[in-house]
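These notes are about the structure you will find just below.
The basis for the numbers below is simple: all heavy atoms, side chains too, and nothing from hydrogens, waters or symmetry mates.
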Amino acid sequence: MPDEVLDCRGQRCPLPVIAAARRMPQVPIGTVVRVLADDPAAAVDIPAWCRMRGQEFVAAITGPDGPAYDIRRTH
C-alpha cells in the first residue's frame, strides 16, 4: 500500500514525471508514493525516470482510480 497518493490524472507528459520528481525529495526514504496518471506515456516514462534517478519502481496498478504507479524513495 502506498504511503501517499499523487493525483496527476488529466495531466499529459511530462507533467506526471515532473510532479513525482518534485515530490520524492520531500518524503522520507522508504516512502511509497502512488502516482495516479492516465496519460498512456506514464507507463513508460515513470519506470524510466525511476531507473535514471535510482528510485525503486514498485508496481504498475490498474484500479478504480485508473492507472497508477508506485515508486519507493531509495535515497
Side-chain angles (χ1 to χ4, degrees):
M1 290 303 297
D3 299 301
E4 183 174 315
V5 176
L6 188 59
D7 190 351
C8 296
R9 291 175 291 184
Q11 298 179 16
R12 296 294 168 227
C13 177
L15 296 178
V17 171
I18 291 170
R22 287 181 177 160
R23 186 66 189 132
M24 293 309 282
Q26 300 173 348
V27 300
I29 292 172
T31 297
V32 175
V33 175
R34 177 166 290 170
V35 181
L36 304 178
D38 52 8
D39 179 5
V44 174
D45 292 348
I46 292 175
W49 177 83
C50 290
R51 284 190 304 275
M52 291 186 316
R53 298 296 180 200
Q55 303 300 339
E56 181 184 351
F57 180 73
V58 178
I61 301 113
T62 301
D65 295 322
Y69 307 91
D70 287 354
I71 303 168
R72 179 175 288 113
R73 180 172 178 210
T74 59
H75 59 83

key: For the student: nearest non-hydrogen atoms of Pro47 and Ala42, plus distance   = CD-O, 3.6 Å

ask   = Donor-acceptor pair, Asp39 side chain versus Cys13 backbone, under 3.5 Å?
value = yes

request  = Verify the neighbour count for atom CZ of Arg23: are there more than 12 heavy atoms of other residues, nucleotides or ligands below 6.0 Å?
outcome  = yes

ask   = Between Ala20 and Ile71, which heavy-atom pair has the shortest distance, and what is it?
value = CB-CD1, 4.2 Å

inquiry  = If hydrophobic clusters are built by linking Ile, Leu, Val, Met, Phe, Trp and Tyr wherever their side-chain heavy atoms come under 4.5 Å apart, do Val32 and Trp49 end up in the same one?
reply    = no

remark   = Heavy atoms of Gln55 and Arg73 approach each other most closely as OE1-CA, 3.1 Å

task = Could you state whether Val58 and Met24 fall into the same hydrophobic cluster, counting links through intermediate Ile, Leu, Val, Met, Phe, Trp or Tyr residues with side-chain heavy atoms under 4.5 angstrom apart?
result = no

ask   = Measuring from Ile61:CD1 to Arg34:CZ, what's the distance to the nearest 0.5 Å?
value = 4.0 Å

message = So Val17 and Arg22, do their side chains get closer than 4.5 Å, heavy atoms only?
response = no

task = Provide the closest heavy-atom pair for Val35 versus Cys8 in the form atom of the first, atom of the second, distance.
result = CG1-SG, 4.1 Å

request  = Grab the two heavy atoms, one from His75 and one from Arg53, that are nearest each other, plus how far apart they are.
outcome  = NE2-O, 2.9 Å

inquiry  = Tell me which pairs pass salt bridge (Lys or Arg N to Asp or Glu O under 4.0 Å) where either residue lies in residues 43-52, with sequence neighbours left out.
reply    = none

Residue pair Leu36 / Ala68: nearest heavy atoms and the distance that separates them = CD2-CB, 3.6 Å

ask   = Is Thr31 reaching over with its side chain to a backbone N or O of Asp3, donor-acceptor style, under 3.5 angstrom?
value = no

